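Worksheet: the structure to be examined is printed underneath.
Owing to the predicted nature of the structure, the values given are computational and were not obtained by experimental measurement.
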Amino acid sequence: MKFVDEAKIKVKAGDGGNGCLSFRREKFAPFGGPNGGDGGNGGSIFFIADQNLNTLVDFRFRKIFEAERGQDGMGSQCTGKDGADMIINVPVGTLIYDADTNELIADLNKSKQKTCIAKGGFHGFGNLYFKSSTNRAPRKTTKGYPGEERNLRLELKLLADVGLLGLPNAGKSSFIRAVSAARPKVADYPFTTLHPNLGVVSIDTECSFVVADIPGLIAGAAEGAGLGIQFLKHLTRTSILLHIVDISPLDGNDPIEAIKTINKEIKKFSKELAKKECWLVLNKIDLVQKTELEAKVQDIIKRLKWRGKVFQISAIKKIGTKELCYKLMDHFIKAKKN
């Protein structure tokens, strides 16, 4: 299924039903009077967060959503039926913007969270409503009010605890495969990951967290190079970032430059994202001689002047991955206590 994280749609709430102009016409009731009923209210449009959805693909082809119109009033004092509300299910983490004003209307970040986006039109009044002691036979009615109409932009930001950063082929997909049941594509060429992947890491029956893997970044991503930075928004909701770096690239590139490249693109995208806590994860240590490994790690830390946490792993051989997951779980437990 194609991953879709943005969509533009139009919603139209139902119009209110018109009031009815009617008089009672019965034998032996010459002065029956007005009996036109009111119309029904138009249906409203609600959005609800559904944890069973993970993309906005349902809005790829259907662009217009209209709620039911209220029924017109009828004679014999019969009120029209209210129009049925329309419920639109979206993934948890969906932001709803007014496409015309760019105003954020709702942030559906909890399962079953519900919000009204377009209010149905109020009903019109029948002539019975206008009957009074001075106006026994009113011929006045009102029409139903139109329902709200809005152009919307839906934007999905995945909800995850941990976000993975890195150049293409740094080993992000291999890491998420090693620690979770997610099975993203892994190959020996760049950009095997074309859309975000989520993996649930279970430490035990009661402790787990969610990891988000996004397509790798390259230099110039902020200007649209590679797959650009369109998926970086999915990391803005995460609690912590893991910067995964190939400690010994086969092409001979310097890991320091890889780290600096990613940090530069992150700062261009969002200063808030750049300030998130980030752990450095040096991957593919199985390709480095044990006698050279520690010296290589210390050289990277010294040249970067890195003050955060550093981990050494081999995602493909699952070396150090379990220890890293335990450290992450401890981090989340401490954060909850604070």
Does [X] use its side chain to pair, donor to acceptor, with the backbone of [Y] at less than 3.5 Å?
{"X": "R69", "Y": "G42", "value": "no"}
{"X": "D15", "Y": "G147", "value": "yes"}
{"X": "D38", "Y": "G126", "value": "yes"}
{"X": "K131", "Y": "P138", "value": "no"}
{"X": "E68", "Y": "A84", "value": "yes"}
{"X": "N18", "Y": "G144", "value": "yes"}
{"X": "Q113", "Y": "K110", "value": "yes"}
{"X": "T261", "Y": "E257", "value": "yes"}
{"X": "N127", "Y": "S22", "value": "yes"}
{"X": "Q71", "Y": "K81", "value": "yes"}

Going from [atom1] on [X] to [atom2] on [Y], what distance comes out if it is rounded to the nearest 0.5 angstrom?
{"X": "I244", "Y": "L280", "atom1": "CD1", "atom2": "CG", "answer": "10.0 Å"}
{"X": "H243", "Y": "I266", "atom1": "NE2", "atom2": "CD1", "answer": "8.0 Å"}
{"X": "E323", "Y": "Q312", "atom1": "CD", "atom2": "CD", "answer": "11.5 Å"}
{"X": "T101", "Y": "D98", "atom1": "OG1", "atom2": "CG", "answer": "3.5 Å"}
{"X": "L154", "Y": "D58", "atom1": "CG", "atom2": "CG", "answer": "11.0 Å"}
{"X": "L324", "Y": "I319", "atom1": "CG", "atom2": "CD1", "answer": "13.5 Å"}

Test salt bridge (charged side-chain N to carboxylate O under 4.0 Å, His left out), reference E149, set K119, K12, K10, output is K10
In terms of hydrophobic clustering (I, L, V, M, F, W, Y; side-chain heavy atoms under 4.5 Å; direct or indirect links), are [X] and [Y] co-clustered?
{"X": "I9", "Y": "M86", "result": "yes"}
{"X": "V310", "Y": "L242", "result": "no"}
{"X": "V245", "Y": "I300", "result": "yes"}
{"X": "L164", "Y": "M329", "result": "yes"}
{"X": "L282", "Y": "L241", "result": "no"}

Does the pair F59 and F65 meet the rule for a ring-ring contact (aromatic ring centres under 6.0 Å, His included), with working shown? CA-CA 10 Å; F59 305 97; F65 296 81; 5.7 Å; yes
Whether K334 and D330 form a salt bridge (side-chain N of Lys/Arg under 4.0 Å from carboxylate O of Asp/Glu) is what I want to check. no
What is the minimum heavy-atom distance between [X] and [Y], and which atoms define it?
{"X": "W306", "Y": "W279", "answer": "CZ2-C, 4.1 Å"}
{"X": "A67", "Y": "G43", "answer": "CB-O, 3.3 Å"}
{"X": "T141", "Y": "G19", "answer": "CB-O, 4.1 Å"}
{"X": "E277", "Y": "I240", "answer": "O-CG1, 3.4 Å"}
{"X": "P34", "Y": "R136", "answer": "CD-O, 3.2 Å"}
{"X": "I64", "Y": "R62", "answer": "O-NE, 3.5 Å"}

Does [X] [atom1] have over 12 foreign heavy atoms under 6.0 Å away?
{"X": "Y145", "atom1": "OH", "value": "no"}
{"X": "K143", "atom1": "NZ", "value": "no"}
{"X": "K275", "atom1": "NZ", "value": "no"}

Within a strict 4.5 Å, meaning less than it, do heavy atoms of the [X] and [Y] side chains meet?
{"X": "I96", "Y": "L104", "answer": "no"}
{"X": "I45", "Y": "D85", "answer": "no"}
{"X": "N283", "Y": "F175", "answer": "no"}
{"X": "V90", "Y": "L53", "answer": "no"}
{"X": "E6", "Y": "L156", "answer": "no"}
{"X": "L108", "Y": "T115", "answer": "yes"}
{"X": "V288", "Y": "I285", "answer": "no"}
{"X": "Y97", "Y": "E155", "answer": "yes"}

Take N109 and K157 through the test side-chain contact (heavy atoms from CB on, under 4.5 Å) and record every step on the way to the result. CA-CA 9 Å; N109 55 18; K157 288 186 180 179; over 6 Å; no
Give the intermediate values and the outcome of side-chain contact (heavy atoms from CB on, under 4.5 Å) for residues S132 and F130. CA-CA 6 Å; S132 67; F130 297 99; over 6 Å; no
Side chain to side chain donor-acceptor pair (under 3.5 Å), that's the test. Do N151 and D100 meet it? Break it down for me. CA-CA 7 Å; N151 294 312; D100 298 321; 3.3 Å; yes
Name the orientation class of the two ring planes belonging to F125 and H123 (parallel below 30°, tilted from 30 to 60°, perpendicular beyond 60°). perpendicular
Chi angles and distances behind the side-chain contact (heavy atoms from CB on, under 4.5 Å) call for V11, E148: CA-CA 8 Å; V11 295; E148 289 183 334; over 6 Å; no
Checking side-chain contact (heavy atoms from CB on, under 4.5 Å) for the pair L152/I105: CA distance, chi angles, key distance, verdict? CA-CA 9 Å; L152 303 177; I105 303 172; 3.7 Å; yes
Do you know which of I313, L293, V281 makes side chain to side chain contact (heavy atoms under 4.5 Å, CB included) with I247? L293
